Amino acid sequence: MTHSSLDPGSSPTAPTSSDPSSHRSAAPAPPAPVSLLGLGAMGTALARAWLAAGHSVTVWNRTPARAEPLSAAGAVVADSAAAAVAANELVVVCLWDDASVAETLAGADLRGRDLVNLTTNSPGEGRARAAWAAERGARFLDGGIMAIPPMIGIPEAGGYVLYSGSAEVFHRHADTLAVPVGTHYVGPDAGAAALHDVALLSAMYGMFAGTTHAFALARRAGVPLRDFAALLTGWLTAMATTGVEVTAEQLESGDYDTDPPSNLAMQAAGNPTMRRTAEELGVSPELLTPYFALMERAVAAGHGGGDGTAMIDLLSH
């Protein structure tokens, strides 16, 4: 959007078409067409967001019935994956796994296509798929979706997609890719998006493991769960806000010799109480046991005076 630098009350003289110094802004480009392969919950949400924004969307799904609601909403339904690929330069795949990408695109002509892969994969699979696409004449961008379907098309929900691979493809289609959800480019290594995706999800699942155990304890004890949830949210937010940044700083500097208010030895000393409480309430400690074991191994290795960053070294082998 262009903002005028003129005062609101001024009346500039419009330049004439013969004035060589005049410049008229080009009309906004129409929404770019996109082909989308894969209409699970996420693919369908992506398609609806692009359609709502005025994009021409060609869709394909292995089960044709899934495309019917989108057809009613204005999407073009291709009768094959190859036809969907042929329809547009920008081709987005959102399938079950990496093997399904190869299977689905086996008969498609990818030459000259910008292939954006939003299928969950590993960093190694992302790099291999980029090489596979290049051999077939396509430019490649890998993506990791940090959102769930209800967040798609709702900017304030905070979701985004991590992208890596061809910077040219990312920038060429930046406006289109940003329609369903925010975007974040993490570099030219095609495996970088998957690495970030898995690392962030690993943190999420670790947090969910802790909250699962916490709710099991609270429910067995008869604690009002909505009240407990408010306490839990505040506590996790406070700990993440301080702890995550400190860990990053220590790892980058290599200096773990801090004097934390609650060092690892002190934390590990509380593990027996955590175990006894679970036993008293009849709750399995299985979600916490591996972390407790790592804490205790780090203390035994002489890292009890720090705040636990050394445990990351113990995990790397």
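Source: prediction; values computed, not measured.
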Trainee: Quick one: OG on S202 to CG on D197, what's the gap to the nearest 0.5 Å?
Mentor: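 Between atom OG of S202 and atom CG of D197 there are 9.0 Å.
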Trainee: Does V169 belong to the same Ile/Leu/Val/Met/Phe/Trp/Tyr cluster as L105, with side-chain heavy atoms less than 4.5 Å apart forming each link?
Mentor: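 Different hydrophobic clusters.
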Trainee: Can you tell me how far apart NE2 (H213) and CG (L287) are? Round to the nearest 0.5 Å.
Mentor: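 It is 7.5 Å, given to the nearest 0.5 Å.
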Trainee: Is it the case that D97 and S100 place a side-chain donor and acceptor less than 3.5 Å from each other?
Mentor: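 Looking only at side-chain atoms, S100 and D97 do form a donor-acceptor pair, the distance falling under 3.5 Å.
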Trainee: Is a donor on one side and an acceptor on the other found under 3.5 Å between the side chain of R136 and the backbone of R111?
Mentor: no
Trainee: For the backbone of A67 and the side chain of S71, can you confirm whether one donor and one acceptor N or O come within less than 3.5 Å of each other?
Mentor: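 Absent.
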Trainee: Looking only at the side chains, is there a donor atom on one of T119 and N117 sitting less than 3.5 Å from an acceptor on the other?
Mentor: yes
Trainee: Quick check on D255: does its CG atom have over 12 non-hydrogen neighbours (other residues, nucleotides or ligands) under 6.0 Å away?
Mentor: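 Yes, CG of D255 has more than 12 neighbouring heavy atoms, counting only those of other groups under 6.0 Å.
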Trainee: Do the ring planes of F170 and Y163 sit parallel (below 30°), tilted (30 to 60°) or perpendicular (above 60°)?
Mentor: tilted
Trainee: For the atom pair CG (N271) and CG (L288), what is the distance rounded to the nearest 0.5 Å?
Mentor: 9.0 Å
Trainee: Give a yes or no answer on whether the side chain of E89 reaches the backbone of D114 with a donor-acceptor pair at less than 3.5 Å.
Mentor: no
Trainee: Between E279 and R275, is there a salt bridge with N-O shorter than 4.0 Å?
Mentor: no
Trainee: Roughly how far apart are L217 CG and T212 OG1, rounded to 0.5 Å?
Mentor: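 One finds 11.0 Å between CG of L217 and OG1 of T212.
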Trainee: Could you please spell out the steps behind the side chain to side chain contact (heavy atoms under 4.5 Å, CB included) verdict for L200 and L162?
Mentor: CA-CA 11 Å; L200 291 169; L162 297 155; 4.1 Å; yes
Trainee: Take L39 and V59 through the test side chain to side chain contact (heavy atoms under 4.5 Å, CB included) and record every step on the way to the result.
Mentor: CA-CA 8 Å; L39 298 177; V59 298; 4.1 Å; yes
Trainee: OG1 of T104 to CG of L37: how many Å apart, nearest 0.5 Å?
Mentor: 7.0 Å
Trainee: Do the ring planes of H171 and Y185 sit parallel (below 30°), tilted (30 to 60°) or perpendicular (above 60°)?
Mentor: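 Judged by the thresholds at 30° and 60°, the geometry between H171 and Y185 is tilted.
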Trainee: Going from CZ on R139 to CD on E168, what distance comes out if it is rounded to the nearest 0.5 angstrom?
Mentor: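 Between R139 CZ and E168 CD, I get 6.0 Å after rounding to 0.5 Å.
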Trainee: Could you tell me if the side chain of L177 sits less than 4.5 Å from the side chain of L141, heavy atoms only?
Mentor: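 Heavy-atom side-chain distance check passes, below 4.5 Å.
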Trainee: Identify the residue among L90, V179, L36 that makes a side chain to side chain contact (heavy atoms under 4.5 Å, CB included) with H55.
Mentor: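 Among the candidates, only V179 passes.
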Trainee: Which heavy-atom pair separates R113 from A86 by the least distance, and what is that distance?
Mentor: NH2-O, 3.1 Å
Trainee: Please find the pair of heavy atoms, one from G126 and one from A190, that lie closest to each other, and give the distance.
Mentor: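 Minimum heavy-atom contact is O-CB, 3.7 Å.
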Trainee: Can you tell me if R48 uses its side chain to pair, donor with acceptor, with the backbone of P180 under 3.5 Å?
Mentor: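 No.
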Trainee: Is a donor on one side and an acceptor on the other found under 3.5 Å between the side chain of W50 and the backbone of T176?
Mentor: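 Such a contact is found between W50 side chain and T176 backbone.
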Trainee: Inspect the surroundings of CZ in R66 and state if more than 12 heavy atoms from other residues, nucleotides or ligands are less than 6.0 Å away.
Mentor: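 Open.
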Trainee: For the residue pair Y291 and M311, establish whether any side-chain heavy-atom pair is separated by less than 4.5 Å.
Mentor: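 Y291 reaches M311 side chain to side chain.
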Trainee: Would you say the side-chain atoms of S35 pair up with the backbone N or O of A87, donor to acceptor, closer than 3.5 Å?
Mentor: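 No, S35 side chain to A87 backbone: no donor-acceptor pair under 3.5 Å.
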